[in-house]
Structure formats: C-alpha cells, structure tokens
Amino acid sequence: MEISPKILYETLSKKFGKQNWWPIDKEYHKKNNSDPRFEIIIGAILTQNTAWSNVEKALNNLKSENIIDSKKISDLDIEYLKKMIKPSGFFNQKAKRLKNISSHLHNNYHDKIDDFFNRSVNEIRKELLSLNGIGPETADSILLYAGNKPVFVVDAYTKRISKRLPLKTNISYDEIQQYFEKNISKNYSKKETPEIYNELHALIVELAKNYCKKKPDCKKCPLQKNCMHNKKSF
DNA sequence: GTCCAGGGCCGTT
DNA sequence: AACGGCCATGGA
C-alpha cells in the first residue's frame, strides 16, 4: 500500500492516540506567572541528542530555583547554570546556548516572547538559526511547539523512517520538511496544519521509540503493511 | 560493560 | 556538499 505523510498521520494517530506535546508543567507557570513558551525554548535546547527523562531532571532543577526566565538565565552565573542542567548532558555547550538565547530575548525583545513570535516564520527562523547552538530542528521545534507556527519538525527518527518505508523524498532536512508540509497542507485546512504537524512529529517519535528503532522491531509495527524495509523484494 | 537518546559545531575531504 | 569526531549524562 502506498504510504504518504497523510496515511502516516492517520495510521499512527489511530494506533497511539493523542500525544499532547510539548510536555509542559502548566501548574508551575500558573503559580509563578511565567511564560510556558520559554520553558519550551529551554527544553528544545536541552533535549538535543538527549533522552527526555534527563531533560526533565534539568528542568526540575531550574524550576526548584524558579529560574525559567530569560532575564534570570541571562544574569545567572554560568558555572551555576552548568550544575543545574548537568543531568541533561553536554552541559558545557548547553549552558552557553541557554545563556545565548536568553540574553538575545532579553536584549532584543525585553523578555516579551509575544514580540519575538509576532513576525513571519521566515524572519524568526533565520534569526534563530543565526544563534550559535540552534540548528534547523531546534529552530523548528521552537517555531512549532512554542510559537504554534505551521512548521514541520524533522529529526533523526523522521529521517530513519523516511528512508525505511521509504517515503518519496531525499534525506536532507529541507527536502523531507518540504515533502511533509506539501502533502499535509494539501490534505488539511490551513487552520489545522500546526496541530497536525505537532501530532505527527510526536507520533513519529513514538513509532521510532517502540518499533522503528535502530534495530527495528517489525513484527507488530503498525506500518508493516506499508513498509518495504524487511521485504525480500527490496 | 555496551548502546542509545526528541542535534549542532567544527574541521577535513 | 558530505562526512566524522566531539560533546556527557542516565536508563535499558
């Protein structure tokens, strides 16, 4: 059976249900009158090539000191910040990256995340990519999950699945992204695309963690009928 | 002990 | 343009 991003989304959402990304502690932000979008920005950097369970430990350390805040992080002693985020790994470079984007938001937008996001996707994306430590996936995660922009996030899992199924796309970041966005925007209304991108990326992560692993577990995979990966003819 | 995780940078070819 | 080494912790 022919596979497309649309079929992928329908099949996976039937199998796994709603994913409710980005995982966010809403109670914390209500209590502290802080902006959950900034927690997403921080989390997007901390989770670079890192298991989310480790990111949660780092985020909890920051929350216990109530420093999920762009001004506070840009003022914070970097050695102290390293200690706080240590469980998330790569803490030397990540501490720099966190201070980097925090001071950018503080200096240029006076910590007003609304002003940062209230522009065109292209403008925001270019600005994010210009910051050291923010590549395409981190930028797009911030755009989609914090900014609610219609941007599909490509990660290592998406590349792996695209290659195995295979989907009719090359494996570069931009080509896969355009392929998904073209197909989804063709099949759904403009209003619902951010939500579809949100779910689909999270569903792909779920699929890759449980079935389409490095060593694939194809026996009960929900895409077995669509996938050519372990078929003899392929 | 080994492998892997919701990447990105930098140097080499 | 493409590729490899590097960054680091914690759970399986």
>> Strictly below 4.0 Å, N to O, side chains only: are A:E79 and A:K83 in salt-bridge contact?
In response: no
>> Salt bridge check, A:K18 against A:E195: does any charged N sit closer than 4.0 Å to a carboxylate O?
In response: yes
> Could you go step by step and tell me if A:K215 and A:D217 meet the salt bridge (Lys or Arg N to Asp or Glu O under 4.0 Å) rule?
Replying inline: CA-CA 7 Å; A:K215 287 178 64 177; A:D217 195 357; over 6 Å; no
>> Apply side chain to side chain contact (heavy atoms under 4.5 Å, CB included) to residues A:F180 and A:Y197 and explain how you reach the verdict.
In response: CA-CA 9 Å; A:F180 273 79; A:Y197 293 151; 5.6 Å; no
Base, sugar-phosphate alone, or nothing: which one does [X] contact when heavy atoms must sit under 4.0 Å apart?
X	answer
A:T138	sugar-phosphate
A:G135	sugar-phosphate
A:F91	sugar-phosphate
A:K86	sugar-phosphate
A:K57	sugar-phosphate
A:I45	nothing
A:Q93	base

Sticking with atom [atom1], work out how far [N] lies from [M], rounded to a whole angstrom.
N	M	atom1	result
B:dG8	C:dG10	P	23 Å
C:dT9	B:dG1	P	16 Å
B:dG6	C:dG4	P	23 Å

Could you state the [atom1]-[atom2] distance from [X] to [N], rounded to the nearest angstrom?
X	N	atom1	atom2	value
A:N61	C:dT9	CG	C1'	13 Å
A:H201	B:dG6	NE2	C1'	5 Å
A:K159	B:dG6	NZ	P	15 Å
A:Q48	C:dA8	CD	P	12 Å
A:L200	B:dG6	CG	P	16 Å

>> Once rounded to the nearest 0.5 Å, what's the spacing between atom CD1 of A:I45 and atom CD1 of A:I40?
In response: 13.0 Å
Compare the minimum distances between each of [options] and the side chain of [X], then state the nucleotide with the smallest one.
X	options	value
A:N54	C:dA8, C:dT9, B:dG8	C:dT9
A:W21	C:dC7, B:dG6, B:dG8	B:dG6
A:P87	B:dG8, C:dA8, C:dG10	C:dG10
A:K214	B:dG6, C:dG11, B:dC4	B:dC4
A:T50	B:dG6, B:dC9, C:dA8	C:dA8

> Is there ring stacking between A:Y157 and B:dG6, where the centres must be under 5.5 angstrom apart and the planes under 30 degrees?
Replying inline: no
[X] vs [N]: side-chain N/O to OP1/OP2 distance below 4.0 Å:
X	N	value
A:N132	B:dC10	yes
A:R160	B:dA5	yes
A:T47	B:dG7	no
A:N92	C:dA8	yes

>> If you assign each of A:S172 and A:S88 to its closest nucleotide in DNA chain C, which residue comes earlier from the 5' end?
In response: A:S172
>> Is it the case that atom CG in A:L129 sees more than 12 heavy atoms from other parts of the structure closer than 6.0 Å?
In response: yes
> Is it true that the side chains of A:T158 and A:D155 contain a donor and an acceptor less than 3.5 Å apart?
Replying inline: yes
> Going by modelled atom types, is there a donor-acceptor pair between the base of B:dG6 and the side chain of A:D155 at under 3.5 Å?
Replying inline: no
> So which one's nearest nucleotide on DNA chain B is more toward 5', A:L131 or A:A51?
Replying inline: A:A51
